[in-house]
Amino acid sequence: MAVREKGRVMSGMKEERSVNARALVLTMLLESESGQEYSNVILRDTLMKYNYLSVQEKAFIKRLFEGCVEYRIRLDYLLNAFSKTKTTKMKPVILAILRMGVYQLLYMDAVPDAAACNEAVALAEKRGFRGLKGFVNGVLRNIARNKNALPEPDEEKEPMAALSVRYAMPEWLVCFFCEKYGVSTTQKMLADMLLEKPVTIRMDERLSVEERAGVLEQMREKGIGVKQHPYLAYAYLLSDVDGIMHVPGFESGAFYVQDVSSMLVSEAAGIREGMRILDVCAAPGGKSLHAAVKLHGTGMVESRDLSENKVSIIEENRLRCHCDNVTVRQQDALISLKEDVGQYDIVYADVPCSGLGIMGKKCDIRHRVSFGQMEELAALQRKILDGACACVKEGGVLMYSTCTINPAENEEQLSYIASLGFVPESLNPYLPEALWGETTKQGYLQLLPGIHETDGFFLARYRKETR
């Protein structure tokens, strides 16, 4: 697939050069493999740079890039089955080209097998590997001939390996999930993580019924699929979205992109007008802005994060969403300020975590995370909690949350919160009845992908005891 890139204007004439979509994806994959940037950032930056491409061209780039990252374990298993040279011995460029070829053969029905093979061979030659053209062609055509009877690990002899290859998840994570949640639930979670997800938005609750209906109708008129989420009346699922910035209502702040799991934090916080709220790890700002909306223009929200870049993102979103009762501040959550002690009615501690609950949206987390990192994050979370808990007034509320499904970062932190002088409170008065269960009575909820209609997410409500 070749596209035309807008060139510079020189001497009154436009200079154009051809851009090959597969060559572009190859460059993106090599950048992703370097580990210096997350795949979702690479994709976002690339699509912004080539924003003038057609919807179909951008969709092809997105699908091929994300698919190769997400299915890497399965693609490599098949390459090792059909190639005498194992993936660990292949040159990075050739390996990336082969992954692209296999993904197109197996998961992109609109791409003819011959095109997937021929374009891979052409890419190898273009990148200076003319001598490996036959190798690339042979491996891909062999897989193409056998794609209706591909090898798989033996489920009886190697059950964890079989799940790992089927769902393209590292085997150690498959074992970890099976130990924590059981095989059946793990399979549902892993299958859900491979599904394409709609865009979830939070419509501004300050809009009138008529204003909200008008914005949603404008979306439908642009061909965007709109469906109300079953948990919250102001949450909607959007499909067929070509760039969120082009969706009606974005620039005016009529909605904010946010998963329902994150929205539930402000629901469970029990916000009342006039409250002072602190969000210690706020970027990109969704929970802070949601809290501000629920204050109905009263009180204040102090929205903080570590870096200047994160703070600028929060500020940009604050301005777009017209939340004047939000103050944005650059502040390390590990550094306690005397003036904060006991000053806030509600404190949000949405702490750094392993992100296992959002692997369906950030597909390279599965390749980056390690057990050691999860242990380090749990220790960091406790340090942040020390400062966050100190900021809560007597009788005030701490909302603890993460976007992971690792008990060590979630349930196992609750005893630490209790040791700091907090008691759990039932979530049932605040959450949709569909989410009620034994743990919500105890003050916490673990949302699981494939089980609940949200990302994997954890939230807990604790009240600071009065002396």
Side-chain angles (χ1 to χ4, degrees), residues 1-5 7 15-37 39 42-43 45-46 49-50 53 57 60-153 164-165 168 170 363-364 367-368:
M1 177 178 286
V3 297
R4 304 297 295 176
E5 181 177 3
E15 177 190 350
E16 291 189 342
R17 55 193 175 93
S18 179
V19 173
N20 183 289
R22 290 180 176 84
L24 189 58
V25 172
L26 174 59
T27 300
M28 294 164 67
L29 288 172
L30 294 173
E31 183 181 356
S32 175
E33 285 294 310
S34 73
Q36 296 180 357
E37 193 59 86
S39 61
I42 295 171
L43 178 63
D45 292 348
T46 301
K49 179 179 179 181
Y50 296 93
L53 297 178
E57 288 163 340
F60 178 88
I61 291 167
K62 181 177 187 295
R63 173 84 184 277
L64 182 55
F65 174 66
E66 289 185 330
C68 289
V69 174
E70 193 164 43
Y71 280 83
R72 191 176 85 186
I73 289 172
R74 178 167 175 76
L75 300 178
D76 285 4
Y77 178 84
L78 294 173
L79 286 171
N80 284 326
F82 285 93
S83 170
K84 292 181 180 179
T85 303
K86 301 309 174 187
T87 54
T88 53
K89 300 294 184 181
M90 293 180 186
K91 297 181 184 300
V93 171
I94 295 300
L95 177 55
I97 290 172
L98 286 172
R99 286 171 176 165
M100 290 168 58
V102 177
Y103 184 81
Q104 290 170 80
L105 289 172
L106 301 185
Y107 300 107
M108 299 181 74
D109 294 338
V111 178
D113 290 356
C117 297
N118 294 339
E119 291 294 332
V121 171
L123 261 184
E125 182 174 19
K126 186 176 181 180
R127 293 300 293 258
F129 294 97
R130 184 181 181 87
L132 292 176
K133 287 169 55 179
F135 170 72
V136 169
N137 187 57
V139 170
L140 292 181
R141 293 194 181 278
N142 196 8
I143 292 175
R145 284 192 296 270
N146 293 279
K147 66 179 182 178
N148 293 322
L150 295 172
E152 302 278 354
S164 172
V165 171
C363 48
D364 53 351
H367 306 306
R368 290 170 172 253

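FYI, side chains are in, hydrogens and waters are out, and symmetry mates aren't considered; it's all heavy atoms of this structure. Along the sequence shown, residues carry numbers from 1. Computed from a prediction, not measured in an experiment: that's the story for all the values here.
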| task | With sequence neighbours excluded, tell me which residues meet side-chain hydrogen bond (donor to acceptor under 3.5 Å, both in side chains) with Gln104. | result | Arg22
| task | Return the set of residues passing side-chain hydrogen bond (donor to acceptor under 3.5 Å, both in side chains) with Glu152 (not counting sequence neighbours), or none when no residue passes. | result | Arg74
| query | What pairs of residues pass the salt bridge (charged side-chain N to carboxylate O under 4.0 Å, His left out) test when at least one of them lies in residues 104-113, not counting sequence neighbours? | reply | Asp113-Lys147
| said: Tell me the closest heavy-atom pair linking Val136 and Val121, and the distance in Å. | reply: CG1-N, 4.2 Å
| query | Any side-chain heavy atom of Ile94 sitting closer than 4.5 Å to one from Phe135? | reply | yes
| Side chains of Asp76 and Asn80: do they bring a donor and an acceptor to under 3.5 Å? | no
| request: For Ser32, check side-chain hydrogen bond (donor to acceptor under 3.5 Å, both in side chains) against everything at least two apart and list the hits. | output: none
| field | Between CG on residue Leu53 and OG1 on residue Thr46, distance to nearest 0.5 Å | value | 10.5 Å
| Under the 3.5 angstrom rule, does the side chain of Asn137 hit a backbone N or O of Lys133 as a donor-acceptor pair? | no
| field | Heavy-atom side-chain proximity of Leu79 to Lys86 below 4.5 angstrom | value | no
| remark: d(Leu24 CG, Ile61 CD1) to nearest 0.5 Å is 5.0 Å
| task | Applying side-chain hydrogen bond (donor to acceptor under 3.5 Å, both in side chains), name anything that partners Asn118, two or more places apart in sequence or on another chain. | result | Arg141
| task | Check the pair Tyr77, Thr87 against side chain to side chain contact (heavy atoms under 4.5 Å, CB included), reporting the backbone distance first and the verdict last. | result | CA-CA 9 Å; Tyr77 178 84; Thr87 54; over 6 Å; no
| field | Neighbour count above 12 (heavy atom, 6.0 Å) for Arg368 CZ | value | yes
| said: Just to verify, what does Glu33 make a salt bridge (Lys or Arg N to Asp or Glu O under 4.0 Å) with, not counting sequence neighbours? | reply: Arg72, Arg99
